[in-house]
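Comments concern the structure below.
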Amino acid sequence: MKMVNTVELKNRTNALLRQVGRGEAVIVTRRGKPVAALTRLTDADLEEFVLRYTSRVAADGGATAPGQPEAPSKYRYMSVPAPFGTIFVAYGPNGPLMVSQANSPAAFEREAERVLGSGPVADPEPPADLRAEVMHAIRDHAPYRGPVDLSLVPPFERAVLQALRRIPPGQVRTYGEIARTLGKPSAARAVGTACARNPLPLLIPCHRVVRSDGKLGGYSLRGGVALKRQLLEAEGALALLPLGR
DNA sequence: TGTATGACGATAT
DNA sequence: CATATCGCCATAC
């Protein structure tokens, strides 16, 4: 009985599927423990498939977390309007810590609690200058030059984010270019990961980082790559992309 | 310490 | 051109 871990599953997919196709089952292990098996589909399986899954996909309900004890509000937050929906911004004395497109204030508070470790409190009267700068950045694609609080971000990712802040509107960089900028030419993938975890999208312009093959790469805000493309177009950056796709 | 996980890149098919 | 494969790397657990 053959066994593979998740890495082998990822890197030898085809070989494994061929093996399964020949009739030999493969056990998948994770952290050393068997969690699944790959087996060849039987005729009955195929029949079941066409009968049940030709026009729909199974979905599952979401789990809800129980309420947690209140924390002594360390941060505050405000909401600002954007063309693509309401944006919530959590901030502390050192500047914004997190930006999100939560569906409601309550949802944002839960998300912030999880990410920041301490739930922010709605600010009835946000600092006027902060609010103005944030809105200007989001609505007008202006650089956000104010301070940001990246104290919760690990070192490499923080370096990436700081590099992103130096990309002017209307320009783009590739993930690899950012990696080289940081002196780690082979860390393109890690740069992508850092972008994906950017706690301050829009304020820190991770949408200006694209793939070296001319594609746009991903985007974590709701709206995904479509929104990324929209932002770049509004900034006039699409024209200078190497290719188009 | 080892294992798992990606907003990547270069290359092969 | 699209997909697959595999190397790379920082992080989270």
Side-chain angles (χ1 to χ4, degrees), chain A residues 2-21 26-38 65 84 87 97-101 111-117 141 150-167 169 171-235 237-238 241-245:
Chain A
K2 183 168 180 62
M3 305 214 311
V4 296
N5 59 31
T6 58
V7 172
E8 295 168 49
L9 180 63
K10 171 188 177 183
N11 291 333
R12 300 181 49 239
T13 309
N14 259 2
L16 291 171
L17 290 183
R18 273 196 303 275
Q19 188 160 5
V20 170
V26 173
I27 300 294
V28 180
T29 63
R30 173 205 250 158
R31 295 182 178 285
K33 298 177 181 176
V35 294
L38 298 178
F84 40 88
I87 301 297
L97 289 106
M98 157 182 176
V99 159
S100 110
Q101 294 173 299
E111 180 187 0
E113 162 87 45
R114 178 172 53 76
V115 175
L116 306 178
H141 310 103
L150 300 179
S151 59
L152 299 179
V153 179
F156 178 79
E157 292 182 1
R158 191 182 312 172
V160 169
L161 298 182
Q162 286 168 345
L164 302 195
R165 292 193 81 183
R166 299 200 297 272
I167 309 176
Q171 292 191 24
V172 295
R173 300 286 185 277
T174 67
Y175 295 95
E177 283 172 344
I178 298 298
R180 292 194 282 279
T181 291
L182 299 178
K184 307 201 176 184
S186 55
R189 190 167 191 168
V191 168
T193 300
C195 291
R197 296 181 186 164
N198 177 11
L200 295 170
L202 302 175
L203 297 186
I204 293 181
C206 57
H207 60 278
R208 296 181 191 141
V209 190
V210 300
R211 296 178 53 116
S212 64
D213 62 6
K215 295 184 182 179
L216 292 189
Y219 196 52
S220 56
L221 281 189
R222 202 148 66 218
V225 188
L227 176 56
K228 185 175 189 174
R229 178 177 292 106
Q230 188 179 309
L231 292 170
L232 291 176
E233 178 167 36
E235 297 176 2
L238 280 194
L241 244 43
L243 305 178
R245 237 332 85 148

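As the structure is a prediction and not an experimental result, all values here were calculated from the model. Lettering of chains follows the sequences in order, A, B, ..., and the numbering in each one begins at 1.
Taking the side chain of A:Tyr219 as heavy atoms from C-beta on, and the options C:dT3, B:dA7, C:dA10, the nearest nucleotide is B:dA7. The side chain of A:Arg197 approaches C:dA12 more closely than any other nucleotide in the set C:dA12, C:dA2, B:dG6. Of the candidate nucleotides C:dT11, C:dA10, B:dA7, C:dA10 has the atom nearest to the side chain of A:Ala190.
With sequence neighbours excluded, the residues satisfying side-chain contact (heavy atoms from CB on, under 4.5 Å) with A:Gln162 are A:Leu150, A:Arg158. Scored by the side-chain hydrogen bond (donor to acceptor under 3.5 Å, both in side chains) test, A:Ser100 finds A:Glu111 as partners (sequence neighbours excluded). Here A:Ala112 pairs with A:Met98, A:Phe108, A:Leu116, A:Pro120 under the side-chain contact (heavy atoms from CB on, under 4.5 Å) rule; sequence neighbours left out. Partners of A:Glu235 according to the salt bridge (charged side-chain N to carboxylate O under 4.0 Å, His left out) rule, which considers only residues two or more places apart in sequence or in another chain, are A:Arg208. Remark: A:Arg173 engages no residue in a salt bridge (charged side-chain N to carboxylate O under 4.0 Å, His left out) (not counting sequence neighbours). Residues passing the salt bridge (charged side-chain N to carboxylate O under 4.0 Å, His left out) test with A:Glu157, sequence neighbours excluded: A:Arg197.
The gap from the C1' atom of C:dC13 to that of B:dA7 amounts to 22 Å, rounded to the nearest Å.
Among the atoms of the strands shown, base atoms are found under 4.0 Å from some heavy atom of A:Ala196.
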Please step through side chain to side chain contact (heavy atoms under 4.5 Å, CB included) for the pair A:Arg211 and A:Tyr175, ending with a clear verdict.
CA-CA 6 Å; A:Arg211 296 178 53 116; A:Tyr175 295 95; 4.1 Å; yes
For A:Val209 and A:Val160, what are the C-alpha separation, side-chain angles and deciding distance, and is it a side chain to side chain contact (heavy atoms under 4.5 Å, CB included)?
CA-CA 11 Å; A:Val209 190; A:Val160 169; over 6 Å; no
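Between A:Leu152 atom CG and C:dT11 atom C1' the separation is 15 Å, expressed in whole Å. The distance from atom CG of A:Leu161 to atom P of B:dA7 is 15 Å, rounded to the nearest whole Å. Across the protein-nucleic acid pair, A:Arg211 atom CZ and C:dA2 atom P stand 11 Å apart, rounded to whole Å. Counting to the nearest Å, the P atom of B:dC8 and the CG atom of A:Asn198 are 15 Å from each other. Distance CG (A:Leu164) to C1' (B:dC8): 14 Å, rounded to an integer number of Å. For A:Asp213 and C:dC1, the CG to P distance is 10 Å, given to the nearest whole Å. Following rounding to the nearest Å, A:Glu157 (CD) and C:dA10 (P) show an atom-to-atom distance of 11 Å. Between A:Leu202 atom CG and B:dA7 atom C1' the separation is 15 Å, expressed in whole Å.
Side chain A:Thr193 to base B:dA7: no donor-acceptor pair is found below 3.5 Å.
OP1 or OP2 of B:dA10 sits under 4.0 Å from a side-chain N or O of A:Ser212. Using a 4.0 Å cut-off, no side-chain N or O of A:Arg189 falls inside it from OP1 or OP2 of C:dC9.
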In dot-bracket notation, what is the pairing pattern of DNA chain C, taking Watson-Crick (N1-N3 plus N6-O4 or O6-N4) and G-U wobble (N1-O2 and O6-N3) contacts under 3.5 Å, with [ ] crossing and | for other strands?
.||||||.|||||
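A heavy atom lying under 4.0 Å from DNA chain C marks the following residues of residues 174-187 of chain A, by number: A:Lys184, A:Ser186, A:Ala187.
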Acceptor/donor pairs from residues 218-227 of chain A side chains to any protein atom, 3.5 angstrom cut, sequence neighbours excluded:
| from | atom 1 | to | atom 2 | distance (Å) |
| --- | --- | --- | --- | --- |
| A:Arg222 | NH1 | A:Gln101 | O | 2.9 |
| A:Arg222 | NH2 | A:Gln101 | O | 2.9 |
| A:Arg222 | NH2 | A:Asn103 | OD1 | 3.3 |

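A:Leu202 and A:Leu231 get closest at one heavy-atom pair: CD2-CD1, 3.9 Å.
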